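Working notes, structure below.
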Amino acid sequence: MNRFDRITVNPALVNGQPCIRGMRLTVKRVVEAVALYPNRDELFLEYPELDAEDVRQALDFAACNLDDSVIKLEAA
């Protein structure tokens, strides 16, 4: 099994952004939804087309594509 077998890229779909299983649901949107709905039951109610493996792969894909550079933040 491919590590990201549910992540698809199609230049004709949402400007080639990585999506979940060829749907118009981008990895970015899934990551945003996880932040908005930390309760997975609520997440799956809002996005019934997703399942747990879709979410896991979206988070893993996003993490693999983050830069490892240090970002300095100012103290609040």
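Computed from a predicted model, the values in this text were never measured in an experiment. Any value given below was found using the heavy atoms of this structure, including those in side chains, with hydrogens, waters and symmetry copies removed.
Among all heavy-atom pairs drawn from A58 and I20, the shortest one is CB-CD1, 4.1 Å. Considering all non-hydrogen atoms of both residues, V31 and A62 come closest at CG2-CB, 3.9 Å.
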Going by atom type alone, with no hydrogens or angles, which donor-acceptor pairs under 3.5 Å involve a side-chain atom of residues 33-43 and a protein atom two or more places apart or on another chain?
{"from": "N39", "atom 1": "OD1", "to": "D41", "atom 2": "N", "distance (Å)": "2.7"}
{"from": "N39", "atom 1": "OD1", "to": "E42", "atom 2": "N", "distance (Å)": "3.2"}

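Residue N65 qualifies as enclosed at atom CG: its count of foreign heavy atoms under 6.0 Å is above 12.
Contact of the T8 side chain with the M23 side chain is not registered, since no non-hydrogen atoms from C-beta on lie closer than 4.5 Å.
Every residue meeting the salt bridge (Lys or Arg N to Asp or Glu O under 4.0 Å) condition with D60, not counting sequence neighbours, appears here in chain and number order: R3, R56. Listed by chain and number, the residues in a side-chain hydrogen bond (donor to acceptor under 3.5 Å, both in side chains) with N10 amount to none (sequence neighbours excluded). Applying the side-chain contact (heavy atoms from CB on, under 4.5 Å) rule to V14 yields the partners Q17, C19, R24, T26; only residues at least two apart in sequence or on another chain are considered.
Applying the ring-ring contact (aromatic ring centres under 6.0 Å, His included) definition to pairs two or more places apart or across chains, those involving residues 40-66 are F4-F61.
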Mind running side-chain contact (heavy atoms from CB on, under 4.5 Å) on V27 and Q57 for me, showing each step along the way?
-> CA-CA 9 Å; V27 168; Q57 285 193 26; over 6 Å; no
Checking side-chain contact (heavy atoms from CB on, under 4.5 Å) for the pair L25/L50: CA distance, chi angles, key distance, verdict?
-> CA-CA 9 Å; L25 185 57; L50 289 176; 3.6 Å; yes
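For the pair R21 (side chain) and E49 (backbone), a donor-acceptor distance under 3.5 Å is present.
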